[in-house]
Amino acid sequence: MVAALAVENLSKVYGNGFEALKGITLEVQKGDFFALLGPNGAGKSTTLGIISGLVQKTAGNAYVMGHDVNGDAFDARRSLGVVPQEFNFNQFEKVYDIVVTQAGYFGLRPAEAKANAEELLKALDLWDKRDTPSRMLSGGMKRRLMIARALVHKPDVLILDEPTAGVDIELRRSMWEFMEELNRKGTTIILTTHYLEEAEQLCRNIAIINKGEIVQCTSKRELLSQLTTETFVFDLCEPVPEGFALEEFECAIPAEDTLEVTVEKGQSINRIFSLLTEKNLEVRSMRTKSNRLEELFVNLVRESNS
Ligand code: ADP
């Protein structure tokens, strides 16, 4: 079966001699919801740039739905919708026109372009703004406009570079719902994000890139199963007694009524509650100290740097 995206030994040396990609190989299957994660400067935008035809590769190959991004550029681009980080539409053009004009680049007939634009603007809650010049939109609306424009030719693969950067929580949630629905209907989605919670929530497969190399490429489930410990924060109804210890668990007391307990793989969280109950300590609330993927990500990047 043809992969939605295939990248083989891709490398990029910029004009100043900097090697941003050191021969990466990656495959994203059709229908996947895939995250490309990495610290700043890792090579994410360079990779996405080569795939979308904006950056010239130095060596290797990249295919979108089997189309070579260089040899078969039109079909590769026709199969792809790209939402870059920066707003890059004409600030004076109206919302509706921006979306319809984009469809024209891919050769859609006017009737089809208009129908697709209407459907997308409605789905993204921008229909009321269709006659508004884009510069008058809020930041969140501009971001949704970028998505509508990227999807107007109904591409098989959608690439989003930091789709929810700077977006408030409510809008982020509604964008997640939109992306999940799109993916359910068959669009392959590839995203980069700084919000690891976003990757953990949405994505099935994840690649971690650092210094131009792939550090890990696996399923989210497999990645999370590598976590050997997890830290939970318990807010108690009363101060933690002096000299407190929690038998086999490692714990810290960051505030007088807060307990941080590190749980190793195989240890039971029930046991913590039993011990606390035995000690007459009541728990007001409990949460994980950090996002699980975040803990792994930090460790993997640290290891690959050393
Ligand atoms: P990311 O998207 O993961 O933050 P980028 O792909 O933007 O990373 O950048 C990877 C590396 O390549 C960085 O060290 C960056 O400084 C460098 N780089 C990016 N664009 C250029 C360029 N046009 N010329 C030289 N170096 C560049």
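Both ligands and their constituent atoms are indexed starting at 1 by order of listing.
- A donor-acceptor contact under 3.5 angstrom links the side chains of T192 and D161, judged on distance only.
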* To do: Could you go through the salt bridge (charged side-chain N to carboxylate O under 4.0 Å, His left out) check for R271 and E248 one step at a time?
  => CA-CA 10 Å; R271 169 90 176 129; E248 68 268 34; 2.7 Å; yes
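- Using a 30° and 60° split on the angle between ring planes, F234 and F232 fall in the tilted class, from 30° to 60°.
- Counted by atom type alone, E213 and S304 present zero donor-acceptor pairs between their side chains at under 3.5 Å.
- Looking from atom 26 (N) of ligand 1 to the surrounding protein, the closest heavy atom is Y14 CD1, 3.5 Å.
- Side-chain contact between F273 and S268 is absent, with no heavy-atom pair separated by less than 4.5 Å.
- For atom 15 (C) of ligand 1, the nearest protein heavy atom (residue, atom name, distance) is F18 CE2, 4.6 Å.
- Taking every heavy atom of P39 and a limit of under 4.0 angstrom, the matching atoms of ligand 1 come to 3 (O).
- A cation-pi arrangement is present between R172 and Y195 under the rule of less than 6.0 angstrom and at most 45 degrees off the ring axis.
- Across the listed options G43, G41, G49, G212, G41 owns the non-hydrogen atom lying nearest to atom 13 (C) of ligand 1.
- Set against the non-hydrogen atoms of K44, the atoms of ligand 1 under 4.0 Å away are 1 (P), 2 (O), 3 (O), 4 (O), 6 (O), 8 (O).
- Atoms of ligand 1 found under 4.0 Å from any heavy atom of N40 (numbered from 1 in listed order, with element): 4 (O).
- Judged as a side chain to side chain contact (heavy atoms under 4.5 Å, CB included), and not counting sequence neighbours, the contacts of S11 are T58, A59.
- Atom 22 (C) of ligand 1 lies below 4.0 Å from at least one non-hydrogen atom of the protein.
- At least one protein heavy atom sits closer than 4.0 Å to atom 7 (O) of ligand 1.
- The proximity of T46 to ligand 1, defined as any non-hydrogen pair under 4.0 Å, involves the side chain as well as the backbone.
- Residue A42 places at least one N or O, backbone or side chain, under 3.5 Å from an N or O of ligand 1.
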